[in-house]
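Input: a single structure, listed below in structure tokens.
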Amino acid sequence: METKAAKKLDADSIMSILDTCYQKAVNGIERVSPPVEKLAEDYLNKYQDPSEAARKMISNQIIKCTTSGFITGFGGLITLPIAVPANVSSVLYVQMRMIACTAYLAGYDLKSDQVQTLVYACLAGVAVNGVLKKAGIQFGQKIAMNLIKKIPGEVLTKINQKVGFRFLTKFGEKGLINLGKMVPGVGAVISGGLDFAETKIIAERAYRWFFENDFTVEDKRDSL
């Protein structure tokens with residue numbers, strides 16, 4: 001009999017994980033983290049310039065994500081109601097919150113389907129330019145916010161499909177998921193190091209996407 005922990009992941013279940021994570025990231029988790037709007041406003045109260053507030057927030061989230069990776073190497077922090085290793089779910093939550101907060105500080109509506117898909121794509125490292133061009137959506141070197149609001153549902157579906165397959169590949173890499181469990185203590189340190197490197201790349205991408213409207217992907221590992 002297949003247990004819940006042994007449930008095989010597919011693209012649909014990946015999207016279910018992301019949807020659950022997005023709702024928790026945006027709305028917050030009681031006694032764990034406030035809603036993204038509250039997080040953003042706290043930084044805006046300290047730094048009136050939204051771009052500076054975003055930079056400070058990103059810096060703190062990178063530290064938090066690295067700490068999360070270290071702790072979950074020993075087991076357990078924030079887990080989602082789907083069979084995903086604790087390190088993946090907790091770090092995924094912090095990373096997605098960081099992206100969503102960056103988008104909010106840049107003036108994007110987090111309740112928009114378009115923005116939600118862009119947050120997923122940013123997290124996965126999926127460039128949206130090519131998909132938009134194939135759909136006949138014309139834009140210059142950068143994508144304006146008012147154009148993003150007009151991205152049709154069928155295009156969002158195509159982007160989400162790319163995101164789902166990207167994460168399916170990532171979650172299927174035994175070396176990434178199980179590394180923190182190989183050697184107790186040592187594995188935890190390695191896990192945190194991996195989270196730092198990845199989160200830093202995602203953070204730079206999030207700022208470039210939402211503050212500079214440059215929705216390209218520069219990391220060669222993320223190219224499609």
Side-chain angles (χ1 to χ4, degrees), residues 11 14-28 35-41 43-44 47 49-58 61 92-167 170 198-219 221-224:
I14 292 295
M15 294 312 298
S16 179
I17 291 171
L18 293 178
D19 289 343
T20 300
C21 192
Y22 188 79
Q23 293 304 316
K24 290 181 179 294
V26 171
N27 299 324
V36 161
E37 288 87 347
K38 176 65 168 56
L39 176 65
E41 293 302 326
Y43 279 94
L44 285 174
Y47 312 98
D49 179 18
S51 62
E52 183 182 4
R55 288 292 191 188
K56 296 294 184 181
M57 179 277 300
I58 285 172
Q61 293 302 303
L92 193 73
Y93 174 79
V94 177
Q95 290 174 341
M96 188 177 286
R97 244 174 100 73
M98 177 183 66
I99 299 170
C101 190
T102 301
Y104 180 86
L105 286 168
Y108 287 81
D109 180 9
L110 297 181
K111 295 180 181 179
S112 162
D113 289 341
Q114 288 84 353
V115 174
Q116 183 171 346
T117 292
L118 288 177
V119 170
Y120 292 175
C122 183
L123 183 66
V126 171
V128 300
N129 303 54
V131 179
L132 296 181
K133 285 182 178 179
K134 289 180 181 178
I137 299 176
Q138 301 298 321
F139 57 89
Q141 186 175 0
K142 298 182 179 180
I143 306 174
M145 188 184 300
N146 60 352
L147 180 59
I148 289 172
K149 296 177 181 179
K150 298 178 182 179
I151 299 175
E154 59 267 24
V155 176
L156 297 180
T157 298
K158 290 180 180 179
I159 296 173
N160 282 331
Q161 286 174 343
K162 288 181 177 293
V163 169
F165 284 118
R166 172 61 56 79
F167 273 112
K170 176 179 177 179
E198 180 184 45
T199 305
K200 194 171 185 298
I201 292 172
I202 293 172
E204 293 170 352
R205 183 187 304 139
Y207 187 89
R208 187 174 70 251
W209 279 30
F210 295 106
F211 272 91
E212 300 176 358
N213 295 327
D214 178 5
F215 291 86
T216 57
V217 173
E218 295 181 352
D219 187 5
R221 295 174 304 170
D222 295 332
S223 61
L224 287 175

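- Side-chain N or O atoms of E52 include none that pairs as donor or acceptor with a backbone N or O of Y47 at under 3.5 Å.
- To the nearest 0.5 angstrom, K24 atom NZ is 12.5 Å from D19 atom CG.
- No side-chain heavy atom of N129 sits under 4.5 Å from any side-chain heavy atom of L132.
- Between the side chains of E198 and Q95, at least one donor-acceptor pair of N or O atoms lies under 3.5 Å.
- In this structure, the side chains of T117 and V163 stay at 4.5 Å or more apart for every pair of heavy atoms.
- The closest side-chain heavy-atom distance from F167 to Y120 is not below 4.5 Å.
- Within the 4.5 Å cutoff, side-chain heavy atoms of L92 are placed close to those of I17.
- Contact check on R208 versus E204 returns no salt bridge, with no Lys/Arg side-chain nitrogen under 4.0 Å from an Asp/Glu carboxylate oxygen.
- Residues Q114 and L156 form a side-chain contact, since some pair of their non-hydrogen atoms from C-beta on lies under 4.5 Å apart.
- Within the model, atoms CZ of F165 and CE of M15 stand 11.0 Å from one another, a figure rounded to the nearest 0.5 Å.
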Stepwise side-chain contact (heavy atoms from CB on, under 4.5 Å) check, K162 with V131:
CA-CA 10 Å; K162 288 181 177 293; V131 179; 3.6 Å; yes
Could you pull out every donor-acceptor pair under 3.5 Å between side chains of residues 96-110 and any protein atom, sequence neighbours left out?
unit_1 : atom_1 : unit_2 : atom_2 : d
R97    : NH1    : A25    : O      : 2.9
R97    : NH1    : P34    : O      : 2.7
R97    : NH2    : P34    : O      : 2.8
T102   : OG1    : M98    : O      : 2.8
Y108   : OH     : N213   : OD1    : 2.7
D109   : OD1    : K111   : N      : 3.0

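- Side-chain atoms of R166 come within 3.5 Å of backbone N or O of G125 as a donor-acceptor pair.
- The line from CG of L44 to CG of L39 is 9.5 Å long, rounded to the nearest 0.5 Å.
- Every residue two or more places apart in sequence or in another chain that forms a ring pair (Phe, Tyr, Trp, His ring centres under 6.0 Å) with F211 is listed here: Y207.
- How far CZ of F210 is from CD1 of I148: 7.0 Å, rounded to the nearest 0.5 Å.
- Remark: D49 CG to Y43 OH distance equals 15.0 Å, nearest 0.5 Å.
- Separating the CD1 atom in I143 from the CG atom in D214 is a distance of 8.5 Å, to the nearest 0.5 Å.
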